[in-house]
Amino acid sequence: MFDPVQVTRELIAFNSISANSNAPVSDYLQDQLDRLGFMVERITYQDDNGVEKVNLVGRKGEGQGGLALLGHSDTVPVDGWETDPFTAEIRDNRIYGRGSCDMKGALATMLAAGGSFEASDLAAPIYLVFTADEEVGCWGAAEVSDRSELLADSGLRYGIICEPTRMEVVRAHKGAVFMRGETKGRAAHSSTGRGVNAHLAMIPFLSEMKAIHDELRSDPRHLNDEFDPPFSDWNIGVNDGGIALNMTAPKSICTVYYRPMPGQDQEALLDRTRQAAERSGVELTIQKIGDPFSTDPDSDLVRTALRITGTQQAHTVPYGTDGLVFGRKMELILLGPGDISQAHTVDEWMDLDQFDLAIDAYKAMIRTFCV
Ligand SMILES: [Zn+2]
């Protein structure tokens, strides 16, 4: 008998913060998939720090199309916890622990729903996908997207990102672009006049970054009322590594996290950034993590999910998920147990009532798209 709360408890016991290897928690998930009758593909890679990361793609059933349930097995760090974040605790009808809400509880509900079907009853396959490194840039999803043999030529059209939405249907989220500009100078005691202050070249670039920031919040061409907030974030970070007051900065770094919205002319803004960098001698790297995704409110996927959850309207959210990557491959919604306001918090928890709601909804979605 599959007990989703017990499985959540066991998942929480693995410390799979993104800096660690998620191989142990993936071994556990792979074992669960095996027992529940899934064929499993394991896609591994080394992250930038040489740490082994593991993605799993499970498939049950044969044929084209079907439905994917997608989740990640890494969590955010655990600074500030007074209790052991990896020992789940149940009280007040809640399960507490790192990942209870984002999103190990959801992984257990995905397994429970997918595991409850016999392969022989399926006209199209169920896929369960567990990725690494969602919290730090969706690197695992990118590996799955590029390398999965089970997903290649699968004809898969529909996916559910099972991130916490309190089982409300979300049909769109913003994209993510990371930028990093750097200028170099020469460190010297500032009294000598012999240094080169790297910030001086950076300042005109920063002023252009601020201009774009302000325009994104005021120019109607950039706004989109479907989202709250209706503007794109252009979050500027500045640092020189904390150089002393009396030293010239040998380097100056500006980071920008841009969250594009559907319909926005991203390239125009990125071009402006490239030109500003060139004018100021800023060495710029732009890393597109993913585009925004937006699924038609009248699509089969959205309408079915609204009917099954007994809700009226699909929402949009301002943050990103693995949907940044998987949105290129399939139509997506976000639909999952737990409340996003609990994600990434100290003393993270999820209501126990959310488990059955999620399992029943996922089963009904599978019946519609796979049986
Ligand atoms: Zn998450």
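Numbering of ligands and ligand atoms starts at 1, following listing order. Model, not experiment: these values are computed from the prediction.
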- prompt: For Phe2, what residues pass the ring-ring contact (aromatic ring centres under 6.0 Å, His included) criterion, not counting sequence neighbours?
  reply: none

task: Not counting sequence neighbours, which residues clear side chain to side chain donor-acceptor pair (under 3.5 Å) with Ser148? List them please.
output: Glu41

message: Taking ring-ring contact (aromatic ring centres under 6.0 Å, His included) as the definition, give me every residue that meets it alongside Phe326, ordered by chain and number, with sequence neighbours left out.
response: none

query: What protein N/O/S atoms sit under 2.8 Å from the Zn ion (ligand 1), by chain and number?
result: His72 NE2, Asp102 OD1, Glu163 OE1, Glu163 OE2

- prompt: Does Arg367 count as lying over the ring of Phe369, i.e. NZ or CZ under 6.0 Å from the six-ring centre, within 45 degrees of the axis?
  reply: no

task: Check Glu208, Glu278, Glu267 against Arg272 for a salt bridge (charged side-chain N to carboxylate O under 4.0 Å, His left out) and give me the one that passes.
output: Glu208

Shared hydrophobic cluster for Trp349 and Met167 (ILVMFWY, side-chain gaps under 4.5 Å): no

